[in-house]
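This report refers to the structure that appears directly beneath it.
Count residues from 1 along the sequence.
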Amino acid sequence: MFYFDDADSKGPPPPGLLDFELPDSLRRARHAALLPLTPALAARGWTEPQFLLLQALVQAGEPLAQGVACARAGLHYSIVRFHIAHLIADGYIAWSTPPPKHRYPYIVARDIGRRQINHVGRELTRAGARTWADLATLPDDVRITERLCARLFILLDKVMRTCAGEPTNDGANAPAGLPEPGELVAVSLPLQARRARKALLTRLGPVLRHYDLAEPQWRALRILTSQPGIGWTRRRIERRGCFSFSSPIVQRALFLLSQRGLADKDDTSVKPKPYRTGKWRPRRQFRAIATRAGYDMIARIETKEREMCADLFAHLELREMVQLDRLLNRVTCALLWQDGVAEEDQETHPFAARYRHFEAFVSDASRVLVADNRERRKAGLPVVKRPHFLHWWE
């Protein structure tokens with residue numbers, strides 16, 4: 001399923017796979033792997049970048065320059081000082097005395113930081129976090145064997161090396177740190193997925209800055225144009241792009257795209273959900289569509305991208321990029337697989353449970369407000385009006 005060699009698979013990968021489909025697959029796989037790690041990080045007040053930075057320092061076992069630590073953790077240099085300050089304030093890392101020839105001090109993990117990383121691993125093991133060996137025992141349609149795991153990390157490494165302009169001979173440059181079968185997926189996969197996605201977006205960054213587009217706006221515009229003629233609701237865009245349900249980033253991206261004439265509101269509306277029809281006027285959920293200017297913008301960016309990534313396309317084959325995308329989707333399904341649950345009831349999105357809980361919370365709050373207003377009317381008191389929030393189409 002993952003290893004094919006067709007004549008049509010030769011040639012450079014299409015820009016859509018390079019800058020949209022593959023980065024989103026990397027994002028979904030990373031969030032699926034981070035699900036069992038989230039409670040341990042929340043208990044310590046850590047974020048994912050802080051955990052990755054501390055893990056990179058612990059694995060190094062020696063002082064590292066801030067730029068080197070940032071690269072190993074897959075972080076952007078503009079935010080690494082913020083995470084370093086938090087870890088130093090908590091006492092997990094410390095400044096190291098630099099040699100005289102170095103201008104900036106090095107950072108090193110302290111013993112308490114190493115112990116905390118070990119504690120996190122033991123907590124994940126007790127909580128039942130899956131290892132790569134566990135993924136090899138799943139049913140055939142979602143099984144990740146040791147061979148598939150090695151192929152996944154080899155392709156991730158090749159993407160990072162190619163984007164960095166380094167040689168990419170598979171035999172000589174196969175990654176030395178392939179995960180062991182007993183290693184936790186939540187510890188090994190997020191770092192590699194984050195670094196590969198950063199490498200791809202680094203190539204796309206100058207093109208987007210040239211056209212004054214932020215990366216979330218570009219992802220939302222790509223989603224709108226992925227199915228021409230079919231509109232997307234804001235929640236569908238959040239699910240497709242693996243945006244957090246509580247983040248206003250999609251709302252803001254659609255607003256800015258509509259202000260520039262790249263996106264617009266569809267004339268058709270969606271049937272309101274049942275909990276929105278009680279005692280209130282049904283609210284229409286409008287769909288967003290890409291305008292002709294939006295399609296023209298994507299065509300111009302694709303042309304510019306082909307010019308800037310000509311060297312990248314010379315080393316990355318379409319066959320390998322498709323293999324990587326399918327392997328990432330398979331790993332995502334394997335990480336979200338639940339034993340004893342029917343196939344149609346399996347969660348296929350890392351944020352599916354959060355979306356479901358949020359919808360249930362909104363439904364319960366709406367029913368409670370309707371009941372409270374009913375009692376207030378009986379008592380002759382003024383009812384509580386629902387606040388009006390500004391939508392992207394307004």
Side-chain angles (χ1 to χ4, degrees), residues 11-28 163 197-271 283-310 312-313 316 318 321-322 325 328-329 349 351 355 389-394:
L17 180 63
L18 177 68
D19 58 35
F20 166 58
E21 297 179 9
L22 186 56
D24 277 6
S25 297
L26 288 166
R27 186 180 178 90
R28 283 192 295 271
C163 292
R197 188 173 186 273
K198 178 186 174 183
L200 290 173
L201 295 181
T202 301
R203 285 299 188 115
L204 183 64
V207 184
L208 296 183
R209 288 192 295 269
H210 178 76
Y211 290 98
D212 195 20
L213 277 176
E215 192 256 339
Q217 300 173 26
W218 170 249
R219 291 169 60 196
L221 185 60
R222 271 293 196 182
I223 293 173
L224 293 179
T225 58
S226 60
Q227 295 180 0
I230 301 179
W232 292 72
T233 61
R234 179 176 62 87
R235 186 52 52 85
R236 284 189 63 200
I237 295 176
E238 292 175 349
R239 288 178 178 269
R240 171 62 181 83
C242 201
F243 292 97
S244 177
F245 71 94
S246 60
S247 175
I249 192 169
V250 176
Q251 178 91 356
R252 184 165 56 248
L254 288 175
F255 173 77
L256 295 175
L257 290 175
S258 62
Q259 290 293 310
R260 297 181 57 178
L262 303 177
D264 198 3
K265 177 184 66 175
D266 194 2
D267 295 335
T268 60
S269 60
V270 183
K271 183 179 179 181
R283 297 179 57 187
R284 300 173 65 195
Q285 297 182 358
F286 291 96
R287 295 177 182 266
I289 57 174
T291 61
R292 175 56 56 186
Y295 286 99
D296 294 341
M297 176 67 73
I298 286 187
R300 291 196 299 270
I301 291 179
E302 285 186 352
T303 303
K304 189 74 172 178
E305 183 181 348
R306 286 191 178 95
E307 298 175 358
M308 298 186 63
C309 300
L312 188 64
F313 294 153
L316 284 178
L318 176 59
M321 301 294 281
V322 173
D325 186 70
L328 288 169
N329 293 331
H349 195 283
F351 290 158
Y355 282 117
F389 299 98
L390 187 64
H391 299 283
W392 65 268
W393 61 79
E394 300 174 336

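Side-chain contact between Leu208 and Leu201 is absent, with no heavy atoms from C-beta onward closer than 4.5 Å. Within the 4.5 Å cutoff, the side chain of Leu254 has heavy atoms near those of the Leu224 side chain. Contact check for Arg236 versus Ile223: no side-chain heavy atoms found under the 4.5 Å cut-off. Counting heavy atoms from C-beta outward, Leu213 and Leu257 have side chains that approach closer than 4.5 Å.
With sequence neighbours left out, Arg219 forms a salt bridge (Lys or Arg N to Asp or Glu O under 4.0 Å) with Asp24, Glu215. Checked against side chain to side chain contact (heavy atoms under 4.5 Å, CB included), His210 has no partners two or more places apart in sequence or in another chain. Contacts of Ala293 classified as side chain to side chain contact (heavy atoms under 4.5 Å, CB included), with partners at least two apart in sequence or in another chain: Leu262, Thr291. Take Glu238 and apply the side chain to side chain donor-acceptor pair (under 3.5 Å) test, not counting sequence neighbours, and it matches Arg234, Arg235. Evaluation of the salt bridge (Lys or Arg N to Asp or Glu O under 4.0 Å) rule for Asp325 yields no partner, not counting sequence neighbours.
Aromatic ring orientation, Phe351 versus His349: tilted (interplanar angle from 30° to 60°).
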For residues 299-307, dump all side-chain donor-acceptor pairs below 3.5 Å to protein atoms at least two apart in sequence or in another chain.
{"unit_1": "Glu302", "atom_1": "OE2", "unit_2": "Arg222", "atom_2": "NH1", "d": "3.2"}
{"unit_1": "Glu302", "atom_1": "OE2", "unit_2": "Arg222", "atom_2": "NH2", "d": "3.1"}
{"unit_1": "Thr303", "atom_1": "OG1", "unit_2": "Ala299", "atom_2": "O", "d": "2.9"}

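Note: Met297 CE to Arg260 CZ = 4.5 Å, rounded to the nearest 0.5 Å. For the atom pair CH2 (Trp232) and CZ (Arg239), the distance works out to 12.0 Å, reported to the nearest 0.5 Å. Note: Phe20 CZ to Leu221 CG = 10.0 Å, rounded to the nearest 0.5 Å. The CG atom of Leu204 sits 5.0 Å away from atom CG of Asp19, with the distance rounded to the nearest 0.5 Å. Of the inter-residue distances, the one linking Met321 atom CE with Leu18 atom CG reads 5.0 Å to the nearest 0.5 angstrom. Atom-to-atom distance recorded for Leu26:CG and Glu21:CD is 12.0 Å, nearest 0.5 angstrom.
Residues in residues 201-213 take part in these salt bridge (charged side-chain N to carboxylate O under 4.0 Å, His left out) pairs, two or more places apart or across chains: Arg203-Asp311.
For the pair Phe243 and Tyr355, the tightest heavy-atom approach, listed with the atom from each and the gap, is O-OH, 2.8 Å. Contact between Leu200 and Cys163 at its shortest, heavy atoms only, is CD2-SG, 4.0 Å. Minimum heavy-atom separation, Tyr295 to Ala290: CE1-O, 3.6 Å.
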